[in-house]
2 protein chains.
Amino acid sequence: MANARAKSSRSTGPSSRGERSRAAILDAARRLFAARGYRGTTMASVAAAADLTQPGLLHHFPSKEALLRELLEERYHDDGRRLRESLARENQGLVVALERLVEHNLSSQESVRLFAVLVAEALSAYHPAHAYFVERYEKIRQWLATTLRDDEQAGRLPANRDADALAGLIVAVMDGLQTQWLLDPRFDMVGAFRTFTDLLIDDPDHRSGATAAVDADGSDRADSPR
Amino acid sequence: MANARAKSSRSTGPSSRGERSRAAILDAARRLFAARGYRGTTMASVAAAADLTQPGLLHHFPSKEALLRELLEERYHDDGRRLRESLARENQGLVVALERLVEHNLSSQESVRLFAVLVAEALSAYHPAHAYFVERYEKIRQWLATTLRDDEQAGRLPANRDADALAGLIVAVMDGLQTQWLLDPRFDMVGAFRTFTDLLIDDPDHRSGATAAVDADGSDRADSPR
DNA sequence: GTCTATATGAGGATAGAC
DNA sequence: GTCTATCCTCATATAGAC
């Protein structure tokens with residue numbers, strides 16, 4: 001993820017000169033696509049940011065679309081990994097893992113922006129990444145729904161909910177909060193997400209299901225354990 | 001606010017020839033911007049769809065950006081109107097009004113798509129509509145927060161919630177669900193939204209009205225997943 | 001693997017006739 | 001108010017040298 005910057009003339013390191021260019025290109029592309037969108041970014045600007053000429057760039061990625069695909073591919077592998085890891089590590093269920101992810105995203109504005117911008121552009125059915133995102137979202141929802149059901153069975157979440165609808169809802173909340181945060185960094189994405197998870201958890205079915213310790217005037221539950 | 005509307009040389013009908021062109025341009029632009037985004041749409045294609053040449057179009061809107069601004073402006077007026085109306089008409093509070101809006105959006109895919117695409121492109125700080133959307137979102141959240149507080153006071157929603165965070169959350173849910181629905185029209189946006197409003201409403205504090213019909217027995221919720 | 005030079009085309013905007 | 005013709009800039013991509 002670091003910036004495989006510049007071309008130090010010698011390669012005492014692990015990678016050849018070509019490898020370094022490739023990494024520099026990807027790094028530049030991530031930043032520029034995030035800042036200006038796919039359509040708004042020129043290959044020449046990516047090349048320049050990677051200290052190459054534009055034909056030099058094309059040696060590594062034969063077209064702009066190929067470059068885009070590589071970025072998507074790369075992220076696809078990262079994707080969910082963080083979530084799955086924190087799920088396994090903390091063993092506190094999906095909700096906590098999601099909160100961790102949202103917190104993490106606060107410090108990954110660039111990556112968040114990259115994907116927000118690309119998804120948005122890809123809403124257009126003509127966009128080269130359209131099919132990619134359709135599939136990606138479907139898979140994410142499926143994984144979330146499965147995980148939600150696990151949590152319900154484990155008693156970490158109220159049962160009798162529509163896990164599929166909830167999965168879509170969770171994705172929506174994360175995406176939608178990101179949009180607002182990207183538009184205005186003062187927007188409290190984490191706070192709003194916690195408001196959401198409070199709603200997810202503080203539910204009568206769940207409380208009284210396993211059952212609940214709500215004192216009759218639950219006035220201050222909003223500031224529950226946190 | 002209104003558009004310093006054209007200078008129709010004559011006004012025999014509701015619209016002169018120029019007026020008709022103008023309307024045709026806006027109509028075409030709405031469709032094309034929605035389908036291909038702002039950057040992805042050429043002025044020539046808009047002109048063609050409006051049965052004009054590109055310079056003919058430029059007679060009405062001196063630049064592409066001017067055309068964009070007009071579309072945003074126009075929507076700005078529509079905006080919230082529907083919500084406010086259904087709020088006033090049904091007098092059932094914000095949640096019901098929001099549900100109506102989401103249902104309505106199902107049949108306005110083009111308009112929804114237009115704005116989803118434009119917001120997305122406008123995440124980039126360089127986009128001509130960036131500032132517009134920052135302001136717009138801020139205003140929407142403020143209005144929602146105010147309305148939420150009204151509903152809380154009217155007893156239609158549980159009190160003691162963070163209305164500001166909730167406002168951002170509501171916007172996020174609507175936007176995020178739209179994204180998924182636009183990517184894949186089979187996605188059940190309305191169902192997912194109802195799942196959300198259920199969470200908003202089905203809360204012990206609220207249900208129990210002034211207070212709790214929740215039987216206390218606090219076993220395991222203290223250590224519930226959190 | 002990277003360069004210079006260039007082909008090719010698209011897109012926004014202007015000039016000026018009708 | 002709309003057209004034809006044209007300019008200019010920019011962007012993707014290719015050819016071919018080093």
Side-chain angles (χ1 to χ4, degrees), chain A residues 4-11 13 15-29 32-33 35-71 121 124 126-129, chain B residues 3-13 15-29 32-33 35-71 121 124 126-129:
Chain A
R5 240 327 133 36
K7 32 0 193 352
S8 45
S9 31
R10 234 173 350 170
S11 61
S15 41
S16 71
R17 188 172 174 212
E19 285 294 303
R20 252 176 291 116
S21 279
R22 192 188 154 87
I25 289 167
L26 288 171
D27 195 54
L32 288 167
F33 283 4
R36 326 194 64 118
Y38 174 68
R39 281 183 170 132
T41 301
T42 69
M43 290 296 264
S45 70
V46 175
D51 272 313
L52 279 174
T53 59
Q54 189 245 21
L57 191 171
L58 287 174
H59 173 74
H60 296 273
F61 299 94
S63 74
K64 192 181 183 181
E65 204 179 317
L67 180 53
L68 172 64
R69 263 198 291 268
E70 181 63 26
L71 288 182
E121 282 185 291
S124 162
Y126 306 91
H127 193 278
Chain B
N3 306 337
R5 253 314 150 36
K7 7 44 182 318
S8 46
S9 30
R10 216 160 17 143
S11 46
T12 32
S15 44
S16 68
R17 189 177 172 205
E19 285 294 303
R20 253 178 289 116
S21 280
R22 193 189 154 87
I25 290 166
L26 287 171
D27 196 52
L32 288 167
F33 284 3
R36 327 194 64 121
Y38 174 68
R39 280 182 170 130
T41 302
T42 69
M43 290 295 266
S45 71
V46 175
D51 271 312
L52 280 175
T53 59
Q54 190 245 20
L57 190 171
L58 286 175
H59 172 75
H60 295 274
F61 300 94
S63 72
K64 191 181 184 183
E65 205 179 314
L67 180 53
L68 172 64
R69 264 196 290 271
E70 180 62 26
L71 288 182
E121 282 184 292
S124 162
Y126 306 91
H127 193 278

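So you know, we letter chains A, B, ... as the sequences are listed, proteins then strands, and number each from 1.
Across all strands shown, A/S45 has no heavy atoms under 4.0 Å from either base or sugar-phosphate atoms.
Residue A/R39 contributes atom CZ, which lies 15 Å from atom P of C/dA10 at whole-angstrom precision. In this structure, CG of A/L68 is placed 13 Å from P of D/dT12, rounded to the nearest angstrom. The nearest whole Å value for the distance from the CD atom in A/E19 to the C1' atom in C/dT2 is 16 Å. Rounded to whole Å, the distance from OH on A/Y38 to C1' on D/dT12 is 10 Å. A straight line from NE2 of B/H59 to C1' of C/dC18 spans 14 Å, rounded to a whole angstrom. Nucleotide D/dG1 holds its P atom 11 Å from the CD1 atom of B/I25, rounded to whole Å. Residue B/L67 contributes atom CG, which lies 15 Å from atom P of C/dG11 at whole-angstrom precision.
Here the side chain of A/H60 is nearest to one of D/dT2, C/dG1, C/dA5, namely C/dG1. With distances taken from any side-chain atom of B/M43 to the nucleotides C/dT2, C/dG12, D/dC3, the minimum falls on C/dG12. Closest contact between the side chain of A/L52 and the listed nucleotides D/dA5, C/dC3, D/dT2 involves C/dC3. Counting only heavy atoms from C-beta on, A/S21 has its side chain closest to C/dT2 among C/dC3, C/dG11, C/dT2. In this structure, the nucleotide among C/dT4, D/dA5, C/dA13 sitting nearest to the side chain of A/T53 is C/dT4. When distances run from any side-chain atom of B/L58 to the nucleotides C/dA13, D/dA5, D/dT12, the shortest one goes to C/dA13. Closest to the B/K64 side chain, of the nucleotides C/dG1, C/dA13, D/dT2, is C/dA13.
The two atoms that bring B/K64 and B/Y38 nearest to each other are NZ-O, 2.9 Å, heavy atoms only. In this structure, A/L57 and A/A47 approach most closely via the heavy-atom pair CD1-N, 3.4 Å.
B/Q54 contributes a side-chain N or O that forms a donor-acceptor pair with the base of C/dA13 under 3.5 Å.
Of the residues A/L26, A/I25, A/L67, the one that meets the side-chain contact (heavy atoms from CB on, under 4.5 Å) test with A/H60 is A/I25.
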Practice item. Kindly determine whether A/E121 and B/R36 satisfy salt bridge (charged side-chain N to carboxylate O under 4.0 Å, His left out), including the steps that lead there. Key: CA-CA 8 Å; A/E121 282 185 291; B/R36 327 194 64 121; over 6 Å; no
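With hydrogens and angles disregarded, no donor-acceptor distance shorter than 3.5 Å links the side chain of B/S124 to the backbone of A/G37.
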